[in-house]
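Only one structure is covered here, and it is reproduced in the block below.
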Amino acid sequence: MGLDWIAGPGAALRGEMDIPGDKSVSHRAVMLAAIADGASRIDGFLEGEDTRATAAVFKRMGVRIDAPSDGVRIVHGAGIDGLRAPDAPLDCGNAGTAMRLLAGLLCGQDFDCDLVGDASLSKRPMRRVIDPLLRMGARIEAADGGLPPLRIRGGGKLRGIDYAAEVASAQVKSAVLLAGLRASGETVVREAQPTRDYSERMLAAFGWPIEFAPGIARLPGGHRLRATDIAVPADFSSAAFFIVAATLVPGSELLLKNIGLNPRRTGLLHVLRAMGADIAEEKRGVRGGEPVADLRVRHARLRGIDVPVAHVADMIDEFPVLFVAAACAQGTTRVRGAAELRVKESDRLATMAAGLRGLGIGVDETADGADVHGGTLRGGYVESHGDHRVAMAFAVAAQMSRERIRIADVANVATSFPDFGERANAVGLQVGPAA
Ligand code: S3P
């Protein structure tokens, strides 16, 4: 049986806290370092199951990766043509980012390989990356319905394409760009709704001639990557649970240090501020080419709003915890244009709606969103459906509930935030393993 938590009710959050490294940046840092020429040092690497899975995949393809201490990796790059054929399927675990980006990175290699994942990843759509990669000349087969596992046949020749993305997805954009490294000619990705640009920024940092601006990225094939050192900023999406918890619990004042504030990630800040939150940015700086700041969060009373559809892509991972903020706000919060939530680690519209209803909150679900009617949370039992962000969002909800909440199946929190419980308890949250 999986691990359950018992959480809440909680007291005011006080003090300062550090947050682990960014998951998206950690994945990409290992991937590009692995195919660069020379050794790259990654500082602030996320010690999560997802990002460790990516590192293990490259080790299987002959890349030496040293871990001299927690959060540090030295990757001895094999060069763009130096990966070795793996002797077993490449296991991406729970990580959609790993599988989709690797599909792009590996489809131009000279060898065959298989990409596999856990039960959740095995239900996530891969057609969105397979289709553009096939257009580039890749040979990839999926299971029925375009689901994992993926079988990639190497040895073909790729050609660049000009691709208008059909879904707002940094993973799809990144897969196409990574395939473009080994393609002839130019690869262009156009996005109606700009998404996080870490792949573009990091390709530039590794010396690839890439041009990009919100909504477009363009690169030529046929170059090489130069090893470089990467400092990973703290993950905004992990900080988000504490931003919401400190906002909700009366008497809280919490300082979250050095949080990555890439504008394609911080939609939640705009939305929470529009709901009445008190979040100040202090000590603004730059880490690893990314804007960072300390965030000082003080308790504030929230009111429901219509979440602007323009912010949805910039807060795509924050909806579970936004739903909790909405449940505690006065009035109704309306979310639309967020159908992508149905194909995350769980169907996050369904799992959050069911969980909140079970705790006494009114939620009207629609095909691409929900109306959440603020109210009073009571204790009880919720299923996380093995979704790390759903589990952490309900741990935040529990701080505001009248009685404690049992949250089922939380082991996957280790995919993105392995010591969430310890760090949460240190600033005043009540959460721990169920007996
Ligand atoms: C990610 C992109 C997003 C996000 C995921 C990480 C990335 O997924 O939800 O957690 O690192 O590129 P989509 O590209 O499917 O929107």
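Every value quoted in this text rests on a predicted model; they were computed, and no experiment measured them. In each ligand, atom 1 is the first atom listed, and ligand 1 is the first ligand listed. In this chain, residues are counted from 1 in sequence order.
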Problem - Salt bridge present between E281 and R273 (N-O < 4.0 angstrom) - result: yes

Practice task
Please determine if R264 and D197 form a salt bridge, counting it only when a charged side-chain N lies under 4.0 Å from a carboxylate O.
Solution key: no

Practice task
With heavy atoms under 4.0 Å as the rule, classify the contact between H27 and ligand 1 as side chain, backbone, both or neither.
Solution key: neither

Fill in the blank from the handout: For atom 10 (O) of ligand 1, the closest protein heavy atom turns out to be D317 OD2, 2.9 Å

Practice task
Report the nearest protein non-hydrogen atom to atom 1 (C) of ligand 1: residue, atom name, distance rounded to 0.1 Å.
Solution key: Q171 NE2, 3.5 Å

Practice task
Return the option from S169, S174, S416, A313 holding the heavy atom at the smallest distance from atom 14 (O) of ligand 1.
Solution key: S169

Practice task
With heavy atoms of A170 as the reference, note each atom of ligand 1 found under 4.0 Å away.
Solution key: 12 (O), 14 (O)

Practice task
Indicate yes or no: does D347 engage R342 in a salt bridge with an N to O separation below 4.0 Å.
Solution key: yes

Practice task
Please indicate whether any nitrogen or oxygen in V172 is less than 3.5 Å from any nitrogen or oxygen in ligand 1.
Solution key: no

Problem - Ion pair check, E282 and R296, cut-off under 4.0 Å - result: yes

Practice task
Distance to 0.1 Å, residue and atom name: give those for the protein heavy atom nearest to atom 16 (O) of ligand 1.
Solution key: K344 NZ, 3.2 Å

Show the atom names and distances, to 0.1 Å, of all donor-acceptor pairs under 3.5 Å that link a side chain in residues 315-325 to residues at least two apart or in another chain.
{"residue": "D317", "atom": "OD2", "partner": "R196", "partner atom": "NH2", "Å": "3.3"}
{"residue": "E318", "atom": "OE2", "partner": "S237", "partner atom": "OG", "Å": "2.8"}

Completion exercise
Among K173, R389, E318, R28, the residue with a heavy atom nearest to atom 7 (C) of ligand 1 is R28

Problem - Basic-acidic side-chain contact under 4.0 Å: D110, R84 - result: no

Practice task
Give the atoms of ligand 1, by number and element, whose distance to some non-hydrogen atom of I316 is under 4.0 Å.
Solution key: 9 (O)

Completion exercise
Contacts satisfying side chain to side chain donor-acceptor pair (under 3.5 Å) that involve residues 205-221 (not counting sequence neighbours) are E186-R218

